[in-house]
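These notes concern the structure reproduced below.
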Amino acid sequence: MTEPLDPYASAALRELATRGFIEQLSDAAAIDAALATGPITFYIGYDPTAASLHVGNLVCIMAMRRLQRLGHRPIVVMGSGTARIGDPSGKSELRKMLDPDAIASNVARIGQVFGRFLELDGDAAAIVVDNFDWLSGLGYIGFLREIGVHFTVNRMIATKTYRDRLDAEAPLSFIEFNYQLLQAYDFLRLYRERGCTLQLGGSDQWGNMIAGVELIRRTGLDAAGPAHCLTFPLLTTTDGKKMGKTEKGAVWLDAAMCPPFDYYQFWIGCDDGDVRKLLAIYTDLEMDEIDARCQVQGAALREVKALLAFEATKLCHGEEAARAAASAAVQAFGAGDDWSAVPQVTVATPNVRLVDLLVDPAVAAFPSKRQARERISGGAVKLDGEPCREPDRELRAEQFTDQCVRLQVGKKLRLRVVLGGSP
RNA sequence: GGAUGGGUUCCCGAGUUGGCCAAAGGGGGCGGACUGUAAAUCCGCUGCGUCACCGCUUCGUAGGUUCGAAUCCUACCCCAUCCA
């Protein structure tokens, strides 16, 4: 943790520090000086191991956004190359190898996200590069001679990433062991070719990042001076859980995988104690305003949460979608009647048993019919506001007012069940 | 390679004189009440199914004994600790 006791000279570090972005700095004074002197180029890498980024990745993205707004130039590295290796950081076992087609399609989908958070034009335009471009052509012997010589196994196995695995006596495959070298090499390439002097990442990346810093120092500095790295804290909620996970899994940034309505609801549902922290990291609001808004206590905090949800949704899905999600929330959870913006599922025929509907993957309210039955009998389900405790009840055509039945499951799930042909 | 202890349901962890074990208890999760779509609290559920008292699958793996096994036998795999 960094001591913010004596304020940083650079606006960038001051802002990151006051908003809660900083966990560790490789050399606080040097980074501060570099950021204060003028625009620098920095990068963050993402391995395309899933079809979408999720809220957990958003900390880094927001940090890039902050720095870019202060004039610094972001580079996003898509890790098509490193994704073929697999980062063992934070993983207790070897993950299955991703096939190249999956990686390529992930890259395409993930790439769309950055445009929403970063400026792609102007003096500090963000650029996106792919490390497969330089990693794929590496020759084994050449790489070992040029890069491998600068690493000692002694040092590597001392880093947390590898240490954890070894301490747990879990297998650490040789391919994974190489991951750190490749990430360090990425940094070196970006340093040499694009003058990139700072790498950002989650705190689990510290070992990999510092390896790059050291590699650059050992292979010889150029005019850009020493390279540095900075990590962000792993965000947890007040009750100690990982940020961005819900019972249904990760909260994705891709609208196809997590509709704006659900995304908005995720923020609305946050713990009271987290509101200020979340506003600082996930919105563009000024800290003065955040502090002022967070003065309130109790039920009044709901308004602040609505602000958080709106701002966060706006950044990710646009202002229009955020407004729609906000008003849909008021309608669906308040006394309102207009569910038009609530996510929908389509059924081909009205005669669907309630259990079958709730277990259907499109709804996925419950993992099994058995559980669905139990919950339905327990009063968890409402149709058009009316509790329905009969699992085997079928929906009837006449229930569909305007082709639609309003389904509530538990406190949070709201869906419109729409009668229609195509899905 | 040798000795001893151990591998149980999402996690931790009971259960090994064979049936009353789908398997105690805790955690987590979900649902209900309360409420502010929060927290805390209380109550309920927590293997699957064509599902109340029925069937099926599950206690490291594969076989075996038995009317019947998480519990007994055999082989194998893995883990912990100690010895070489």
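Protein chains get the first letters and strands the later ones, always in sequence-line order, with residue 1 at the start of each. Keep in mind the model is a prediction, meaning the values are calculated, not measured.
- Comparing A39(B), U37(B), U50(B) against the side chain of K412(A) picks out U37(B) as the nearest.
- A75(B) is paired with U61(B) under the Watson-Crick or G-U wobble criterion, all donor-acceptor distances under 3.5 Å.
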Discussion item. I'd like to know whether Q199(A) forms a side chain to side chain donor-acceptor pair (under 3.5 Å) with Q205(A), so could you lay out the CA-CA distance, the side-chain angles of the two residues, the decisive distance to 0.1 Å, and finally the verdict.
Written reply: CA-CA 10 Å; Q199(A) 181 179 184; Q205(A) 289 297 308; over 6 Å; no

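- Closest of all the heavy-atom pairs between Y282(A) and L315(A) is O-CD1, 3.5 Å.
- A straight line from CG of L413(A) to P of C30(B) spans 13 Å, rounded to a whole angstrom.
- Contact check of residues 296-310 of chain A against RNA chain B (heavy atom, cut-off under 4.0 Å) returns G298(A), A299(A), R302(A), K305(A).
- When the P atom is compared between C10(B) and G6(B), the two are found 23 Å apart, to the nearest whole Å.
- What separates CG of D262(A) from P of U37(B) is a distance of 18 Å, to the nearest Å.
- Contacts of F187(A) classified as ring-ring contact (aromatic ring centres under 6.0 Å, His included), with partners at least two apart in sequence or in another chain: Y43(A).
- Here the closest non-hydrogen pair linking Q68(A) and L118(A) is OE1-CA, 3.4 Å.
- When both distances must be under 3.5 Å, the Watson-Crick or G-U wobble mate of U50(B) does not exist.
- Atom name C1', nucleotides U9(B) and C48(B): the rounded distance is 13 Å, in whole Å.
- Nucleotides G26(B) and C43(B) have their P atoms positioned 11 Å apart, rounded to a whole Å.
- Residues passing the side-chain hydrogen bond (donor to acceptor under 3.5 Å, both in side chains) test with D130(A) are S80(A), sequence neighbours excluded.
- Look at CD on E394(A): it is 14 Å from C1' on U50(B), rounded to the nearest Å.
- C45(B) is paired with G29(B) under the criterion used here, namely a Watson-Crick or G-U wobble arrangement in which both key atom distances are under 3.5 Å.
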Mind listing the N/O atom pairs, protein and nucleotides 43-48 of chain B, below 3.5 Å?
{"from": "C45(B)", "atom 1": "O2'", "to": "E374(A)", "atom 2": "OE1", "distance (Å)": "2.7"}
{"from": "C45(B)", "atom 1": "O2'", "to": "R375(A)", "atom 2": "NH2", "distance (Å)": "2.6"}
{"from": "C45(B)", "atom 1": "O2", "to": "R375(A)", "atom 2": "NH2", "distance (Å)": "3.3"}
{"from": "C48(B)", "atom 1": "OP1", "to": "S368(A)", "atom 2": "OG", "distance (Å)": "3.0"}
{"from": "C48(B)", "atom 1": "N4", "to": "R370(A)", "atom 2": "NH1", "distance (Å)": "3.3"}

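- Contacts classified as side chain to side chain donor-acceptor pair (under 3.5 Å) and involving residues 360-375 of chain A (residues at least two apart or in different chains) are given here: D356(A)-K369(A), R373(A)-D392(A).
- Each of U50(B), A39(B), C34(B) was ranked by its minimum atom distance to the side chain of D271(A); first place goes to A39(B).
- For residues 285-305 of chain A, the set of pairs meeting the ring-ring contact (aromatic ring centres under 6.0 Å, His included) definition, not counting sequence neighbours, is empty.
- Rounded to an integer number of Å, the gap from R373(A) CZ to G49(B) P is 8 Å.
- Across all strands shown, nothing is found opposite G18(B) as a Watson-Crick or G-U wobble partner with both distances under 3.5 Å.
- Distance check, rounded to the nearest 0.5 Å: CZ of R414(A) to CG of L407(A) gives 9.5 Å.
- A distance of about 24 Å separates the C1' atoms of G29(B) and C21(B), rounded to the whole Å.
- Applying the ring-ring contact (aromatic ring centres under 6.0 Å, His included) test to H317(A) and every residue at least two apart in sequence or in another chain returns Y263(A).
- To the nearest angstrom, P of C51(B) lies 17 Å from CG of L358(A).
- Not a single ring-ring contact (aromatic ring centres under 6.0 Å, His included) links F151(A) to another residue, sequence neighbours left out.
- Following rounding to the nearest Å, F261(A) (CZ) and U37(B) (P) show an atom-to-atom distance of 14 Å.
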Donor-acceptor list for residues 133-142 of chain A side chains, cut-off 3.5 Å, not counting sequence neighbours:
{"from": "W134(A)", "atom 1": "NE1", "to": "D186(A)", "atom 2": "OD1", "distance (Å)": "2.8"}
{"from": "S136(A)", "atom 1": "OG", "to": "F132(A)", "atom 2": "O", "distance (Å)": "2.8"}

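- Against the 90° criterion about 0, the sugar-base torsion of U66(B) places it in the anti range.
- Rounded to whole Å, the separation between the P atoms of A62(B) and U57(B) comes to 14 Å.
- When rounded to the nearest whole Å, the span between CG of D272(A) and P of U37(B) equals 12 Å.
- When the P atom is used for both A80(B) and G63(B), the distance is 28 Å, rounded to whole Å.
- Map I268(A) and V359(A) each onto its nearest nucleotide of RNA chain B; the residue landing nearer the 5' end is I268(A).
- Legend: ring-ring contact (aromatic ring centres under 6.0 Å, His included) pairs involving residues 366-387 of chain A, not counting sequence neighbours: none detected.
- Both distances falling under 3.5 Å, in either a Watson-Crick or a G-U wobble arrangement, occur for no nucleotide opposite A38(B).
- With a 3.5 Å ceiling on both atom-pair distances, the Watson-Crick or G-U wobble partner of A80(B) is U4(B).
- Between the CZ atom of R416(A) and the CD atom of Q344(A) there is a distance of 4.5 Å, given to the nearest 0.5 Å.
- The separation of A70(B) from G7(B), taken at their C1' atoms, amounts to 12 Å, rounded to a whole angstrom.
- The gap from the P atom of U41(B) to that of G27(B) amounts to 10 Å, rounded to the nearest Å.
- Listed in residue order, the members of residues 381-390 of chain A having a heavy atom less than 4.0 Å from RNA chain B come to none.
- Residues meeting the ring-ring contact (aromatic ring centres under 6.0 Å, His included) test with Y264(A), sequence neighbours left out: none.
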